[in-house]
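Chain naming here is simple, since letters A, B, ... match the order of the sequence lines and numbering starts at 1 in each.
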Protein chains: 2
Amino acid sequence: MKVTIQDIAKAANVAKSTVSKVLNDSPKISKETKTRVREIMKQMNYTPSSIATRLAKRSSHNIGMLIDMSKESEYMNPFFFHIISGIESVIGPMKYELTIANVQQNDPERNVINRLVRSGRIDGLISNNAIMCDEMVDTLNGLAFPFVTIGEYNSRPVPWADYDNAEGGKMLTGHLLGEGYRDIAFIGGEPLERIFTKRHQGYRQALLEAGIQYREDRIIHGVADENHGYQAVLELLKSDHPPDALVCMNNYTAFGALKATQQAGVAIPGMIGIATFDDYPFSPHTNPPLTSLFIDTFELGATAGKMLIERMNRPDLPFPSLLLQPKLNVRKSTLKNKAGLE
Amino acid sequence: MKVTIQDIAKAANVAKSTVSKVLNDSPKISKETKTRVREIMKQMNYTPSSIATRLAKRSSHNIGMLIDMSKESEYMNPFFFHIISGIESVIGPMKYELTIANVQQNDPERNVINRLVRSGRIDGLISNNAIMCDEMVDTLNGLAFPFVTIGEYNSRPVPWADYDNAEGGKMLTGHLLGEGYRDIAFIGGEPLERIFTKRHQGYRQALLEAGIQYREDRIIHGVADENHGYQAVLELLKSDHPPDALVCMNNYTAFGALKATQQAGVAIPGMIGIATFDDYPFSPHTNPPLTSLFIDTFELGATAGKMLIERMNRPDLPFPSLLLQPKLNVRKSTLKNKAGLE
DNA sequence: TTGTAGGCGTTATCAA
DNA sequence: TTGATAACGCCTACAA
């Protein structure tokens with residue numbers, strides 16, 4: 001069978017409490033005993049049972065990450081690996097584990113809480129803000145259970161980490177303005193989406209600062225996918241006075257926009273500039289390459305991880321929130337001034 | 001504090017062993033007691049400690065998934081979410097958890113084994129074959145520990161699930177031949193890579209079956225990334241008799257190939273056909289859209305999950321292995337016969 | 001510096 | 001049908 005602390009104790013001729021102290025490198029144990037016991041542990045290939053340790057220590061040393069397989073996939077998919085890696089990069093060295101749990105869409109949310117939190121399976125929780133809901137937040141806070149949201153969350157006191165979407169909207173729009181575009185449409189996103197609101201806000205502010213009239217009819221709401229991008233832009237280009245630039249909610253929207261534009265025979269970036277949120281790995285590979293807003297999702301994960309650990313250590317501190325800065329990757333699709341040069 | 005089985009027992013005026021039996025729905029407990037105890041559990045908001053349960057049951061009810069943040073990211077990135085989702089879709093309903101662990105590259109591999117396996121943290125393991133190595137396999141098998149590899153593994157007895165890369169090679173090459181291409185180069189992949197070997201084998205067989213001479217100099221080895229694809233194809237196109245079609249190791253290679261081809265002013269698919277392994281989400285969005293080989297990575301994950309569970313239940317059965325079939329998504333980049341039609 | 005005894009929250013084995 | 005009691009494998013006083 002598995003070798004236990006008892007076996008080691010017997011083999012070393014000491015009490016198991018002594019072995020335990022060696023395990024935890026207690027200063028009360030003599031150097032000699034330590035080395036001797038360790039030697040034996042090595043010989044017998046002993047690894048302490050983490051489950052027993054956890055039971056005794058009353059801590060699972062485990063962090064949970066919520067995903068929604070059914071719904072989030074399109075949004076999370078390209079970032080998931082990096083986010084996970086980021087989280088793992090900070091909690092791994094601290095000997096924490098990462099447990100991934102799927103949260104059913106219509107399943108009463110409490111289940112996750114019971115399954116993960118109340119059962120003591122995890123000591124802390126990281127979740128996408130799209131999965132989180134007020135009810136869950138209240139339960140979690142009621143339990144004084146540490147958690148962090150990836151993505152801004154405002155309707156409740158929640159610690160979160162996010163990229164500065166408003167600033168991102170400003171950056172994209174500002175860049176387009178700087179290139180000389182003047183009539184910029186915003187494609188994709190539903191009015192009530194948290195993420196849309198922020199991005200749109202930045203867009204609007206950039207216009208304001210440039211002294212350009214904000215036009216409600218330049219905001220084309222809709223699902224942020226290729227099809228909507230395509231349809232929306234097709235429509236726009238048919239109008240009498242089409243915009244001369246587009247800010248797209250994400251790369252899929254931008255694909256649709258590219259397709260529609262090319263189909264309509266409108267030159268990019270000469271006649272129209274296209275910029276987009278979310279720098280997917282393939283943004284540089286479209287035709288023309290897409291100017292897009294890069295967010296370091298590894299860093300985002302790492303930040304969320306750090307915040308969570310911090311929160312677990314000092315639950316008394318106020319809810320923190322952290323805004324990371326995106327980075328604009330300028331590519332051909334918006335280089336009006338150099339159009340045709342390359 | 002947390003409410004325990006003891007508290008419930010007291011409140012219900014029964015022994016904690018009775019409560020335990022209610023928890024496990026033992027047939028030896030009367031209906032009345034069951035409902036009464038359950039009522040109290042609900043009232044007191046009781047959730048059994050999963051750690052204590054596990055200690056008592058000697059099972060972690062937890063499955064480990066190995067990742068290599070440092071190295072695999074490029075390969076795994078686009079598939080990771082789907083693979084995880086697939087695994088979770090089968091183990092989740094069985095109340096298993098999924099723990100993600102990062103395996104350090106140069107770290108003596110044993111550490112993972114100790115940390116995860118010997119410590120009893122997990123009951124089963126799923127790993128990419130690129131992370132697995134013979135030493136680890138031997139240790140795992142020596143421990144009679146159940147595990148499954150995603151990706152074929154042949155140098156040791158290992159249960160694995162994979163897509164049929166040889167068949168994929170045949171499909172891509174066969175499709176090109178069917179379109180009338182005759183001189184097909186294979187771009188990317190190192191001779192010793194397991195995955196290259198298989199894909200190349202299918203490529204070769206397709207040529208054989210079509211009665212076309214296999215030419216060693218049509219195999220352009222190298223890292224499967226954009227840069228190599230670009231350089232390799234640029235070189236090829238400069239030669240006196242360039243190939244009239246390309247099979248690329250992955251989408252990045254294909255990007256490079258596209259770029260080089262366009263730069264050289266060679267028409268796709270009229271003058272040259274380009275097809276690639278791995279249907280990334282952006283394959284349809286290149287210019288022209290890339291014919292590529294789709295693999296259902298959700299299904300791959302699910303299959304690995306099922307195999308692992310099966311293996312944990314009946315460790316006596318011989319090592320299974322499963323080959324899933326890829327699907328060819330034909331797009332414009334290889335439609336020689338319809339070139340210019342669209 | 002080491003050992004003894006009890007506890008962590010369940011389950012499992014017997015008795016009752 | 002229920003209840004004591006001893007595991008499970010480790011940790012933590014407290015005692016020696």
Side-chain angles (χ1 to χ4, degrees), chain A residues 1-38 40-41 44-62 95 114-123, chain B residues 1-38 40-41 44-62 95 114-123:
Chain A
M1 275 291 137
K2 269 221 49 153
V3 24
T4 75
I5 201 174
Q6 194 60 274
D7 304 325
I8 302 294
K10 217 174 297 171
N13 245 314
V14 294
K16 58 178 187 172
S17 64
T18 303
V19 180
S20 170
K21 281 165 197 152
V22 172
L23 241 26
N24 295 289
D25 202 16
S26 156
K28 318 182 141 189
I29 300 290
S30 70
K31 274 239 157 2
E32 298 76 46
T33 328
K34 274 189 186 170
T35 50
R36 190 161 55 83
V37 171
R38 285 195 179 125
I40 294 185
M41 295 196 306
M44 301 182 65
N45 218 325
Y46 168 71
T47 307
S49 154
S50 84
I51 296 190
T53 307
R54 289 162 173 196
L55 181 58
K57 285 198 174 157
R58 261 152 296 234
S59 146
S60 69
H61 234 77
N62 190 153
K95 305 295 173 206
N114 283 340
R115 200 154 56 87
L116 257 39
V117 178
R118 284 219 168 77
S119 70
R121 271 199 242 267
I122 58 176
D123 294 336
Chain B
M1 275 290 139
K2 269 221 47 152
V3 24
T4 75
I5 201 173
Q6 194 61 273
D7 304 325
I8 302 295
K10 217 175 297 171
N13 246 313
V14 294
K16 59 176 185 172
S17 58
T18 303
V19 179
S20 170
K21 280 164 198 151
V22 173
L23 240 25
N24 295 287
D25 202 16
S26 155
K28 319 182 140 189
I29 300 289
S30 69
K31 276 238 157 1
E32 298 75 45
T33 325
K34 275 189 187 172
T35 48
R36 190 161 55 84
V37 171
R38 283 192 181 127
I40 294 185
M41 298 196 303
M44 302 182 64
N45 218 326
Y46 166 70
T47 308
S49 154
S50 85
I51 296 191
T53 307
R54 288 161 176 197
L55 180 57
K57 285 199 175 156
R58 261 153 298 236
S59 147
S60 68
H61 234 76
N62 190 151
K95 305 294 173 206
N114 283 341
R115 200 154 55 86
L116 258 39
V117 178
R118 284 218 169 77
S119 72
R121 269 199 242 266
I122 58 176
D123 294 336

Item checked: Short N-O contact, B:K34 and B:D25, less than 4.0 angstrom ->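 So B:K34 pairs with B:D25 through a salt bridge.
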
Among [options], the nucleotide that comes nearest once only the side chain of [X] is considered:
{"X": "A:T4", "options": "D:dC11, C:dT4, D:dG9", "value": "D:dG9"}
{"X": "B:A15", "options": "D:dT2, C:dG3, D:dG3", "value": "D:dG3"}
{"X": "B:S17", "options": "D:dC10, D:dA4, D:dT2", "value": "D:dA4"}

It should be established whether [X] places a side-chain nitrogen or oxygen under 4.0 Å from OP1 or OP2 of nucleotide [N].
{"X": "B:T18", "N": "D:dG3", "answer": "yes"}
{"X": "B:T33", "N": "D:dT1", "answer": "no"}
{"X": "A:S30", "N": "C:dT2", "answer": "yes"}

Notebook entry, point to check: Which residues in residues 46-61 of chain A have at least one heavy atom lying under 4.0 Å from any atom of DNA chain C?
Noted result: A:L55, A:A56, A:R58

Once you round it to whole Å, what is the distance between [atom2] of [N] and [atom1] of [X]?
{"X": "B:K31", "N": "D:dT1", "atom1": "NZ", "atom2": "P", "answer": "10 Å"}
{"X": "B:D7", "N": "C:dT10", "atom1": "CG", "atom2": "P", "answer": "9 Å"}
{"X": "A:I29", "N": "D:dT12", "atom1": "CD1", "atom2": "P", "answer": "13 Å"}
{"X": "A:Q6", "N": "D:dC8", "atom1": "CD", "atom2": "P", "answer": "10 Å"}
{"X": "B:L23", "N": "D:dT2", "atom1": "CG", "atom2": "C1'", "answer": "16 Å"}
{"X": "A:K28", "N": "C:dT4", "atom1": "NZ", "atom2": "P", "answer": "17 Å"}
{"X": "A:R118", "N": "C:dG9", "atom1": "CZ", "atom2": "P", "answer": "16 Å"}

Mind checking the [atom1]-[atom2] spacing from [X] to [Y]? Nearest 0.5 Å is all I need.
{"X": "B:I29", "Y": "B:R36", "atom1": "CD1", "atom2": "CZ", "result": "10.5 Å"}
{"X": "B:R58", "Y": "B:D123", "atom1": "CZ", "atom2": "CG", "result": "13.0 Å"}
{"X": "A:K2", "Y": "A:T47", "atom1": "NZ", "atom2": "OG1", "result": "5.5 Å"}
{"X": "A:L23", "Y": "A:T18", "atom1": "CG", "atom2": "OG1", "result": "11.5 Å"}
{"X": "A:R54", "Y": "B:R54", "atom1": "CZ", "atom2": "CZ", "result": "8.0 Å"}
{"X": "A:S60", "Y": "A:L55", "atom1": "OG", "atom2": "CG", "result": "12.0 Å"}

Notebook entry, point to check: So what does A:V19 hit on the nucleic acid, given a heavy-atom distance under 4.0 Å: a base, only sugar-phosphate, or nothing?
Noted result: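 The residue A:V19 makes no contact with any strand.
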
Check: Which part of the nucleic acid does B:N13 contact within heavy-atom distance under 4.0 Å: base, sugar-phosphate only, or nothing?
Finding: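 B:N13: backbone/sugar contact only, no base atoms under 4.0 Å.
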
Check: Step by step, would you call B:N45 with A:R118 a side-chain contact (heavy atoms from CB on, under 4.5 Å)?
Finding: CA-CA 9 Å; B:N45 218 326; A:R118 284 219 168 77; 3.4 Å; yes

Notebook entry, point to check: Looking only at atom types and distance, does a side-chain atom of B:S20 sit under 3.5 Å from a main-chain N or O of B:K16, one as donor and one as acceptor?
Noted result: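 Here the side-chain-to-backbone pair does not exist.
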
Next item on the list: State, with a plain yes or no, whether a side-chain heavy atom of A:Y46 is found less than 4.5 Å away from one of A:I5.
Entry: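 Yes - at least one pair of side-chain heavy atoms lies under 4.5 Å apart.
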
Margin query: Angle between the end axes of the helix from C:dT1-D:dA16 to C:dA16-D:dT1, five pairs per end, to the nearest 10 degrees?
Written below: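 One end's axis against the other's: 40°.
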
Note to self: Can you tell me whether the side chain of B:K16 and the base of C:dT10 have a donor-acceptor pair closer than 3.5 Å?
What the structure shows: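 Answer is yes: a donor-acceptor pair is held.
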
Next item on the list: Report the residue (A:K21 or A:I5) whose heavy-atom-nearest nucleotide on DNA chain D is the more 5′ of the two.
Entry: A:I5

